[in-house]
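So the structure is just underneath, and the comments pick up after that.
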Amino acid sequence: MPELPEVETTRRGIAPLVEGQEVTEVIVRQPRLRTPVPGELAEWLVGQRFGTLARRAKYLLLPIADGHLLWHLGMSGSLRLVPIGTPPRTHDHVDVVLGNGHVLRYHDPRRFGFVDFVRGDPHADTRLARLGPEPLSDAFSGEHLFARSRKRRVAIKPFLMDNANVVGVGNIYASEALFMAGVDPRRPAGEVTREECERLANAASSVLAAAIAQGGTTLRDFVGGDGKPGYFAQSLNVYGRGGEPCRECGHEIMSLVLGQRASCFCPYCQR
DNA sequence: AGACAGACCTGTGAGC
DNA sequence: TGCTCACAGGTCTGTC
């Protein structure tokens with residue numbers, strides 16, 4: 001499942017072979033994604049050249065002459081480059097054929113992702129305009145979290161996962177950051193202290209940076225050719241470990257539902 | 001405006 | 001073994 005680190009890894013991986021390339025053909029095999037693939041996609045793209053690829057939150061931005069492709073990988077999407085002529089597999093929904101002999105191929109079993117075209121400034125688009133700061137930027141800090149969370153009664157975990165507060169912190173990273181910071185995920189956001197917000201911001205940034213450094217290892221759905229789970233899974237302290245002993249103190253990891261999401265935490269280490 | 005429920009989709013794994 | 005079914009996940013929409 002692409003979390004922010006995987007989206008960033010995708011961007012870095014495909015950029016060298018996509019930037020500056022002309023689109024020669026667009027093939028849509030399955031238009032029914034989270035939002036339908038626009039019928040005019042080929043019309044918009046063919047003959048255009050891609051500019052410098054960017055990322056905002058979990059969105060990839062692919063610039064063309066008068067706008068941007070806005071691509072979201074959803075929960076199971078991947079964007080890869082394959083040589084022209086590579087036969088599509090099941091769930092290979094969209095191909096963007098490039099002049100250099102490569103195909104930018106979108107694969108998404110659960111079809112939670114989407115691709116759309118935004119004319120003009122993409123950051124003015126409703127999907128991007130309300131987003132909070134990037135977790136690895138200077139705009140994100142403990143002070144920012146502290147200021148945003150005052151008087152908020154929602155639990156700190158769903159607060160952290162709210163894109164308006166900080167982007168790219170999904171269920172897994174929110175759980176891990178809260179463990180690292182020693183904060184109980186059920187606490188009302190407004191009651192988390194300034195010092196705890198500082199620890200939380202540092203924890204969220206460092207766990208995301210570590211995951212990017214590992215190449216955005218998938219954490220759950222990923223299974224290698226040898227059937228082994230993702231590498232980063234070994235680093236998880238609480239996520240998916242309900243009922244198991246805490247690695248720090250040995251107490252049992254609790255699991256419950258917060259904001260409609262499974263949440264795991266150590267009731268002894270996290271107060 | 002904040003809080004929360006529901007919808008979207010399908011592979012996986014548990015239970016029968 | 002084969003079937004059913006709940007669950008996971010991010011984000012948008014709708015309701016209170």
Open item on the list: Checking contacts here: which listed nucleotide (B:dG11, C:dT11, B:dA5) is nearest the side-chain heavy atoms of A:Arg110?
Closed with: B:dG11
- [ ] Report yes or no: is the cationic atom of A:Arg271 (NZ for Lys, CZ for Arg) closer than 6.0 Å to the six-membered ring centre of A:Tyr268, at no more than 45° off its axis?
- [x] yes
- [ ] For B:dT10, take OP1 and OP2 only and decide whether either is under 4.0 Å from a side-chain N or O of A:Arg111.
- [x] yes
Open item on the list: For B:dC9 and A:His91 - does any side-chain N or O of the residue sit under 4.0 Å from the phosphate oxygens OP1/OP2?
Closed with: no
Task: Whether over 12 other heavy atoms sit under 6.0 Å from A:Met254 CE - done: no
Task: Whole angstrom value for the distance that separates C1' of B:dG11 from NE2 of A:His107 - done: 11 Å
Task: Shortest side-chain distance from A:Asn163, nucleotide among C:dT11, B:dA3, C:dG10 - done: C:dT11
Open item on the list: Distance check needed: C:dG10 P versus A:Leu4 CG, whole Å only.
Closed with: 11 Å
Open item on the list: Side chain of A:Lys58, heavy atoms from C-beta onward: which of C:dG10, C:dA8, B:dA3 has the nearest atom to it?
Closed with: C:dG10
TODO: Find the distance A:Arg150:CZ to B:dA1:C1' and express it as a whole number of Å.
DONE: 18 Å
- [ ] Provide, to the nearest angstrom, the distance between the CD atom belonging to A:Glu6 and the C1' atom belonging to C:dG10.
- [x] 14 Å
Open item on the list: Is there a side-chain contact between A:Tyr59 and the phosphate of C:dC12, meaning an N or O under 4.0 Å from OP1 or OP2?
Closed with: yes
Task: Among A:Leu45, A:Ile84, A:Leu104, the one residue meeting side-chain contact (heavy atoms from CB on, under 4.5 Å) with A:Val97 - done: A:Ile84
- [ ] Using atom CG of A:Asp162 as one end and atom P of B:dA1 as the other, report the distance to the nearest whole Å.
- [x] 14 Å
Open item on the list: Let's test this: given Watson-Crick or G-U wobble pairing with both distances under 3.5 Å, identify the partner of B:dG15.
Closed with: C:dC3
Task: Over 12 non-hydrogen atoms of neighbours within 6.0 angstrom of CD in A:Glu143 - done: yes
TODO: Answer with base, sugar-phosphate or nothing: what part of the nucleic acid does A:Phe114 contact at a heavy-atom distance below 4.0 Å?
DONE: nothing
- [ ] Let me know the distance between CG of A:Asn165 and C1' of C:dT11, rounded to the nearest Å.
- [x] 15 Å
- [ ] Whole angstrom is fine here: how far is it from CG in A:Asn171 over to C1' in C:dC7?
- [x] 12 Å
Open item on the list: Check this one for me: any side-chain N or O of A:Arg32 less than 4.0 Å away from OP1 or OP2 of B:dC9?
Closed with: yes
TODO: Taking atom types as modelled, find out whether A:Arg148 and A:Asn165 have a side-chain donor-acceptor pair closer than 3.5 angstrom.
DONE: yes
Task: Rounded distance in Å - CG (A:Asp108) to P (B:dT10) - done: 9 Å
TODO: Return the nearest nucleotide to the side chain of A:Arg127; candidates are C:dC12, B:dA5, C:dG10.
DONE: C:dC12
TODO: Counting heavy atoms from C-beta on, name the nucleotide in B:dC9, B:dA5, B:dA3 closest to the side chain of A:Gln260.
DONE: B:dA5
Open item on the list: Can you tell me which nucleotide in B:dA3, C:dG10, B:dT10 comes closest to the side chain of A:Arg261?
Closed with: C:dG10
